[in-house]
Protein chains: 2
Amino acid sequence: MAMKQIACSAIKAVANSGSCSVLTRQLHASPGSKKIVGVFYKANEYFTKNPNFVGCVEGALGLRQWLESQGHQYIVTDDKDGPNCELDKHIPDLHVLISTPFHPAYVTAERIKKAKNLQLLLTAGIGSDHVDLKAAAEAGLTVAEITGSNVVSVAEDELMRILILVRNFLPGHHQVITGDWNVAGIAYRAYDLEGKTVGTIGAGRIGKLLLQRLKPFNCNLLYHDRLKMDPELEKEIGAKYEEDLDTMLPKCDIIVVNMPLTEKTRGMFDKDRISKLKKGVLIVNNARGAIMDTQAVADACASGHIAGYSGDVWNPQPAPKDHPWRYMPNQAMTPHISGTTIDGQLRYAAGVKDMLERYFKGEEFPVQNYIVKEGELAPQYR
Amino acid sequence: MAMKQIACSAIKAVANSGSCSVLTRQLHASPGSKKIVGVFYKANEYFTKNPNFVGCVEGALGLRQWLESQGHQYIVTDDKDGPNCELDKHIPDLHVLISTPFHPAYVTAERIKKAKNLQLLLTAGIGSDHVDLKAAAEAGLTVAEITGSNVVSVAEDELMRILILVRNFLPGHHQVITGDWNVAGIAYRAYDLEGKTVGTIGAGRIGKLLLQRLKPFNCNLLYHDRLKMDPELEKEIGAKYEEDLDTMLPKCDIIVVNMPLTEKTRGMFDKDRISKLKKGVLIVNNARGAIMDTQAVADACASGHIAGYSGDVWNPQPAPKDHPWRYMPNQAMTPHISGTTIDGQLRYAAGVKDMLERYFKGEEFPVQNYIVKEGELAPQYR
């Protein structure tokens with residue numbers, strides 16, 4: 001480790017001379033005060049309702065006292081978009097930008113160009129597609145996530161959404177609040193999950209946790225991924241590998257999306273691909289909204305080809321008032337929430353603190369946390 | 001079996017002489033046409049939307065052709081309450097009454113007294129508390145359920161409701177349909193299920209299936225029941241036995257009710273018992289509404305002592321428009337639906353056909369299906 005740091009310092013010395021563009025802005029903090037900016041959602045009146053509510057602007061991940069006691073400057077805001085927003089005021093001189101997928105600071109190539117001191121972009125959660133990763137790599141920035149911090153949260157949420165769609169929960173609840181009682185109006189399209197075919201696209205950390213939780217439901221479980229699981233684990237989970245995505249999809253009664261948003265996955269569920277799915281398919285997507293063609297999903301829900309769509313991710317976020325997914329039939333959508341439960345917040349706040357400590361000390365991050373490192377993107381984003 | 005039938009016939013011969021009131025009306029069908037009445041919910045426009053929708057008046061459990069081809073009369077209706085309802089017209093001369101918990105025909109002592117030909121009461125589903133079981137036993141009627149037909153349906157539904165409450169799904173969905181986006185307003189009281197203490201009151205067929213499905217969620221699982229499970233099964237399920245109910249309840253973050261409604265369980269969650277639960281407890285009740293004191297639950301939801309209440313059972317059913325559970329905060333209620341999914345309907349329709357076939361042939365039912373037999377109530381109803 002010591003040897004490695006010396007080597008790194010040597011590279012940095014060269015890099016700082018400007019001779020190597022991808023290494024101009026190295027990860028390891030130079031001594032002295034840093035300016036750290038956090039972009040989170042605002043809690044307002046909800047902040048005081050729970051002492052563990054650290055994931056909001058007011059909670060500031062519980063880092064303020066610690067950072068300020070060490071002489072660092074810590075700015076937090078939810079004002080992240082549009083001309084003269086608070087975030088843009090700090091772009092020219094911030095060293096570290098922390099954001100979340102729930103209220104993402106969109107770190108464009110333009111912002112990166114203006115951020116002369118920027119070294120580190122931290123995602124408090126999972127999924128760093130709000131950052132232009134190619135531009136970040138070219139600028140020599142480090143992008144890292146708190147991998148694992150809320151995978152359980154998201155997997156649980158996916159299983160909830162599967163059940164809500166299969167069992168036709170929402171029309172029943174709607175009857176209760178409107179004073180109705182019409183069991184037939186729910187039952188004619190309510191099913192058990194047992195015996196149905198569920199396929200996950202992506203069986204990384206979240207996909208595996210979902211499959212493990214699905215196992216006692218006695219479904220037919222399928223998964224597509226770049227990599228086939230270890231046979232031992234595959235047997236334990238009870239899921240069958242499908243090498244070809246478009247061979248798997250038409251077999252599925254329920255499809256769950258568990259991939260990052262990349263140039264390859266952007267808009268992959270378009271009109272054409274949706275038309276090849278089973279009529280009456282249910283889709284759960286807690287990954288990213290832009291993996292879907294927004295209008296194609298809305299049209300297929302209207303026609304009934306998709307019998308139910310649920311997820312917490314939208315394109316863009318916050319979703320505008322006129323986003324078509326708010327109005328399409330058989331949707332069970334929420335704002336982006338699954339990874340920001342109180343339990344998830346406490347875990348990703350602890351993870352951010354750990355990463356900042358390592359950054360200040362010039363230590364490496366856990367290897368699985370790197371999304372961009374020394375000009376290279378993590379495999380899932382290539 | 002042959003010996004047993006002969007013995008039964010002998011008892012019947014005595015019984016039919018009127019010398020023994022509890023055996024005056026025996027189960028085994030005498031030869032000839034029977035009048036069978038089915039009380040189900042009406043589907044109206046929903047009937048034609050699904051060819052497997054057999055659980056409604058129009059679907060009539062798919063039994064009409066079969067029954068009529070054998071010379072039996074088969075009346076189906078949803079008109080079950082109030083003076084001059086359709087059901088009451090048939091009470092004096094029906095032989096078999098089939099009903100469901102979803103739209104229950106309330107078989108009171110008064111109706112039993114008027115039903116001179118009645119021999120068999122079948123519940124298409126689970127839970128026969130809509131029948132005055134004591135009066136049925138005294139009149140020598142047989143009451144039987146399709147035990148097992150929808151236990152998976154109900155267990156899945158319970159897990160869905162646990163997740164909906166723990167993860168605070170409904171306020172998020174409400175934001176979507178009202179055009180809002182306020183992650184904080186959901187997140188401040190959204191949690192993961194992992195690590196929480198879940199206790200089921202009752203670990204019969206449904207309770208066990210729920211515990212099995214909960215196992216991969218890494219919760220602290222507790223159960224209270226009349227009987228401790230086989231140590232092997234207990235270990236496999238990973239739940240701890242709690243002999244004393246009131247010792248278990250205050251430990252639980254989430255309580256699930258999985259008991260039949262009996263004179264012992266009626267109103268058992270009253271103001272006093274609720275006051276001893278953990279503040280912020282979540283309750284799921286797909287068993288029977290009358291196990292709760294209706295107003296005590298509504299008051300505890302209003303005060304926040306109960307942080308969420310979800311279930312599909314009400315007292316009475318259909319729930320009137322002014323039922324307080326429709327209006328209490330943090331409810332995730334639906335009409336009575338969990339056991340009447342399309343899959344559940346197909347199973348209990350097949351079960352009813354099997355039971356009628358046995359009844360016509362004078363054969364015994366599967367032993368676990370009996371609720372009242374030869375003047376005796378099944379153990380769970382004693």
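Given the structure is predicted, the values throughout are model-derived calculations rather than measurements. In the text below, chain A, chain B and the rest are named by the order of the sequence lines, each starting its count at 1.
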Between [options], who has the most heavy-atom pairs with chain A when the cutoff is under 4.5 Å?
options                : result
B:Q212, B:H336, B:R326 : B:R326
B:W314, B:Y327, B:W325 : B:W314
B:N150, B:V183, B:N50  : B:V183

Examine whether an atom of [X] lies under 4.5 Å from a heavy atom of chain A, and if so say whether it belongs to the side chain, the backbone or both; otherwise answer neither.
X      : value
B:F40  : neither
B:D180 : both
B:Q331 : both
B:L170 : side chain
B:K42  : backbone
B:Y46  : both

**OP:** Could you tell me whether B:K196 and A:D343 make a salt bridge, using a distance below 4.0 angstrom between a side-chain N and a carboxylate O?
**Re:**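 Answer for the salt bridge query: yes.
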Subject >> Lys/Arg N to Asp/Glu carboxylate O, B:R167 vs A:D312, below 4.0 Å >> reply: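 Result for this pair is no, no salt bridge flagged.
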Subject >> Nearest atoms (heavy-atom pairs only) where B:L163 meets A:L159 >> reply: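 Distance-wise, the nearest heavy atoms are CD1-C, 4.4 Å.
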Original post:
Nearest heavy-atom pair of A:F169 and B:A332: which atoms, and what distance?
Top reply: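 Result for this residue pair: CE1-O, 3.9 Å.
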Subject >> Part of A:F47 lying under 4.5 Å from any heavy atom of chain B >> reply: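 It is neither, since no heavy atom gets under 4.5 Å.
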Original post:
Are side-chain heavy atoms of A:R213 and B:N218 found at a separation under 4.5 Å?
Top reply: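 Counting from C-beta outward, A:R213 and B:N218 do come under 4.5 Å.
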Original post:
Do A:W181 and B:K321 come within less than 4.5 Å of each other through their side chains, counting heavy atoms only?
Top reply: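 Heavy-atom side-chain distance check fails, nothing below 4.5 Å.
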